[in-house]
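The next block holds one structure in the form of structure tokens; read it before the comments.
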Protein chains: 2
Amino acid sequence: MHVSNHARPTLEDVAARAGVSRATASRVLNASPRVSPEALEAVNAAVLALGYQPNRAARALVTRRTGAVAVVFSEPEPKIFDDPHFARLIRAGARALADVDVQMVLMLVHSPDDQARAHRFLAGGHVDGALVFAPHRNDELVSIVKKLPLPVVYAGKPWGSLRGMHLVDNDNEGGAVLATEHLKSLGRKKIVHVSGPLDELSAIDRLNGFRTALGLDDKAVARVVEDGGFTREGGRKAMSALLAKVPGLDAVFVASDLMAAGALETLHEAGRRVPEDVAVVGFDDHVAIAEHTSPPLTSVRQDSDEQVKHMVEHLMKLLRDETVKSKKQMLPTVLVRRESA
Amino acid sequence: MHVSNHARPTLEDVAARAGVSRATASRVLNASPRVSPEALEAVNAAVLALGYQPNRAARALVTRRTGAVAVVFSEPEPKIFDDPHFARLIRAGARALADVDVQMVLMLVHSPDDQARAHRFLAGGHVDGALVFAPHRNDELVSIVKKLPLPVVYAGKPWGSLRGMHLVDNDNEGGAVLATEHLKSLGRKKIVHVSGPLDELSAIDRLNGFRTALGLDDKAVARVVEDGGFTREGGRKAMSALLAKVPGLDAVFVASDLMAAGALETLHEAGRRVPEDVAVVGFDDHVAIAEHTSPPLTSVRQDSDEQVKHMVEHLMKLLRDETVKSKKQMLPTVLVRRESA
DNA sequence: CTCCTCGATGAAAACCTTTTGAGCCGCTGG
DNA sequence: CCAGCGGCTCAAAAGGTTTTCATCGAGGAG
């Protein structure tokens with residue numbers, strides 16, 4: 001037996017040392033008001049002296065709370081995880097949850113098998129709640145999760161009805177407007193757009209922002225928009241296609257930095273100077289990318305850290321059963337100017 | 001109260017329905033041999049009928065096992081997580097652990113504060129074991145973890161004494177030899193190397209492989225090696241430096257695909273054709289990168305999925321307290337030929 | 001002085017599972 | 001026929017915490 005045979009101290013031990021009962025010690029730990037200052041101090045001292053740490057299992061057993069939440073990424077294309085955006089979200093989640101002392105159980109859902117597993121797990125009462133990242137249209141997982149009696153906060157708008165759901169979204173549309181207006185303000189006349197895959201709502205919202213900023217109808221949209229699939233390679237290809245379709249283009253709004261990096265490569269190869277000939281604006285403001293393209297990329301910042309932080313905060317409120325004021329939060333986006341536009 | 005007021009069934013309920021005692025039901029669940037076929041069937045039927053799921057907390061309380069393991073990434077430079085390699089490892093970990101039905105608690109350790117938190121958590125008995133990724137020299141976290149009475153499996157060799165440690169490493173040195181020999185076999189005469197940061201053992205091992213394959217002494221190494229810091233930008237710069245130092249170079253072995261992508265850009269800008277003028281071999285065989293560089297990158301494959309799978313397997317053995325045969329495992333690397341060399 | 005009230009405390013129940021020690025039953029060997 | 005044994009089963013204890021309910025003591029009001 002590896003695991004700490006040095007008998008970890010129990011609450012009983014703490015109580016004994018502090019000269020109080022287990023009940024009182026427990027009250028101190030849970031910051032109950034009904035405890036005398038002396039008792040409080042004695043218990044705290046004992047805790048410190050013994051290096052006491054509450055036994056999570058015992059606590060979970062009686063409180064019917066696990067102290068863990070699931071962080072679920074539903075994504076049929078595993079390779080999308082190569083997007084640094086994903087790493088950033090995980091990192092933010094790990095940090096935000098650690099800060100409130102709850103365990104993060106990461107679940108990556110790719111296949112129907114994974115969905116079934118996730119269903120079992122979430123229904124099995126192994127977590128108190130969940131943070132769900134499911135950007136795709138008609139994602140089966142969302143329907144599954146919706147039926148569960150489990151507090152859930154979504155990242156962005158999941159597809160389908162939003163009734164009774166809690167979510168924290170970025171202002172994708174607003175950011176797209178910002179980007180497009182900026183290009184207009186530079187005097188650009190032929191502005192095109194590399195969109196994300198249109199089965200993701202964030203991509204749609206960005207496209208809509210672009211479209212309203214320019215007042216385009218459906219036909220016009222078809223002429224000046226290409227889907228880049230949120231990948232670098234896709235950005236490259238979409239840019240080529242647009243150069244062919246709209247030879248005189250002088251500006252492009254790209255719906256993600258990763259795609260923008262690809263688009264810049266294409267423009268470079270095509271001999272177009274950025275920003276002189278073509279102004280480029282990305283989306284995400286993913287620093288590791290945007291600061292290292294040539295030229296550095298002007299981009300719309302969406303603060304993922306902030307988004308995740310809000311999601312966690314919101315979920316904790318749900319768990320405390322406070323009646324939560326707002327169910328949908330929209331986080332602002334801002335334009336970060338660098339050299340590409 | 002959101003959380004399942006539909007009173008989840010307990011083992012008692014299952015036992016009652018199956019017409020046996022709690023003890024027998026428990027034995028069935030834990031696959032004890034001492035149970036009659038009839039009882040077994042009855043219990044299984046009851047479990048299915050009631051949709052019973054064991055209560056993790058209660059089980060943890062009595063078995064003194066949490067059913068969770070920590071996956072710890074220690075990395076002073078948070079931005080390194082932009083490396084897709086990191087995402088891949090996390091993904092592999094999540095999958096491998098889910099397969100054996102244990103929860104993965106992800107811990108990202110950047111600062112001394114994080115270290116303290118990790119220490120508290122790991123010492124607090126919240127997990128049964130840990131998988132530790134700590135590639136850097138003199139990482140404080142390793143010393144901390146070493147002292148804990150906790151089964152741990154390391155990814156790669158952590159710095160310092162390896163006594164009594166369990167680890168699963170990739171054959172970095174062997175892979176580097178493979179890459180270098182390949183370049184030699186192509187008839188290349190002036191082969192240089194872009195290394196990773198030399199406070200990481202994997203980078204050192206790769207450098208050593210390069211060095212032994214070419215039989216270089218210290219001075220020679222200084223002449224033909226540049227540190228690219230395992231970043232794309234670093235790869236770019238290192239390549240420039242090498243072009244200046246060794247104008248006649250005709251091959252380069254780059255210690256990571258991300259750096260190789262940067263190096264290719266530099267070579268391209270310098271007007272060197274790949275592979276005609278300069279042959280390039282990367283390391284990692286990170287498909288999302290290697291297949292999309294121009295030209296596609298020849299690279300040394302290290303199978304991270306496999307590595308993590310082995311780590312999990314090994315840790316489970318440790319937990320079962322089986323005396324484990326080998327303490328250090330070395331995973332082979334292979335050369336994947338594409339067009340860059 | 002007595003009766004109440006109120007705040008702090010303690011004893012004990014409850015949470016759900018695993019595991020131990022004992023019991024039961026039917027059989028075999030003497 | 002009996003002792004003993006082997007195979008299953010059960011009752012009960014154990015695990016560490018929170019929480020309810022009762023108790024105790026002090027202080028205030030009458």
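Residue numbers begin at 1 in each chain, while the letters A, B, ... track the order of the sequences.
For residues 31-48 of chain A, proximity to DNA chain D is found at no residue, defined as any non-hydrogen atom under 4.0 angstrom from a strand atom.
Between A:D305 and A:R91 there is no salt bridge, since no side-chain N of the basic residue sits under 4.0 Å from a carboxylate O of the acidic one. A salt bridge links A:R117 to B:D99: at least one charged side-chain nitrogen sits closer than 4.0 Å to a carboxylate oxygen.
Between C:dG10, C:dT18, D:dG16, one nucleotide has an atom nearer to the side chain of B:N30 than all others, and that is C:dT18. When distances are taken from the side chain of A:A23 to each of C:dA11, C:dT18, D:dT9, the shortest belongs to C:dA11. Counting only heavy atoms from C-beta on, A:V62 has its side chain closest to D:dT18 among D:dC10, D:dG15, D:dT18. Residue A:N55 has its side chain nearest to D:dG16 when only D:dT18, C:dT20, D:dG16 are considered. Here the nucleotide nearest the side chain of A:T24, chosen from C:dT9, D:dC10, D:dT18, is C:dT9.
Atoms CG (B:L11) and C1' (C:dC16) sit 8 Å apart, rounded to a whole Å. Rounded to whole angstrom, the span from the CG atom of A:L61 across to the C1' atom of C:dA13 amounts to 13 Å. Counting to the nearest Å, the C1' atom of C:dT17 and the CZ atom of B:R65 are 15 Å from each other. For B:E12 and C:dT18, the CD to P distance is 13 Å, given to the nearest whole Å. Note: CG (B:L29) to P (C:dT19) measures 12 Å, nearest angstrom. Here D:dT17 presents its C1' atom at 14 Å from CZ of B:R64, a figure rounded to the nearest Å.
Between A:H166 and the options A:Q329, A:K328, A:H314, a side-chain hydrogen bond (donor to acceptor under 3.5 Å, both in side chains) holds for only A:H314. When each of B:L131, B:V145, B:D169, B:V168 is checked for a side chain to side chain contact (heavy atoms under 4.5 Å, CB included) with B:Y154, only B:V145 meets the rule.
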Step by step, would you call B:I144 with B:L122 a side-chain contact (heavy atoms from CB on, under 4.5 Å)? CA-CA 10 Å; B:I144 291 175; B:L122 294 174; over 6 Å; no
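Each of B:Q53 and B:R27 has a nearest nucleotide on DNA chain C; the 5'-most of these lies closest to B:Q53. Residue-to-nucleotide proximity on DNA chain D shows that, of A:A58 and B:R22, the 5′-proximal contact is made by B:R22.
Contact between the side-chain N/O atoms of A:S26 and the OP1/OP2 oxygens of D:dT19 is not found at any separation under 4.0 Å. Contact annotation: A:R56 does not reach the phosphate of D:dT17 (side-chain N/O to OP1 or OP2, under 4.0 Å). For A:Y52 and D:dT17, the shortest distance from a side-chain N or O to OP1 or OP2 is below 4.0 Å.
A heavy-atom distance below 4.5 Å is found between the side chains of A:V109 and A:V72.
Between A:H126 and A:F121, the angle of the ring planes lies from 30° to 60°, which puts this pair in the tilted group.
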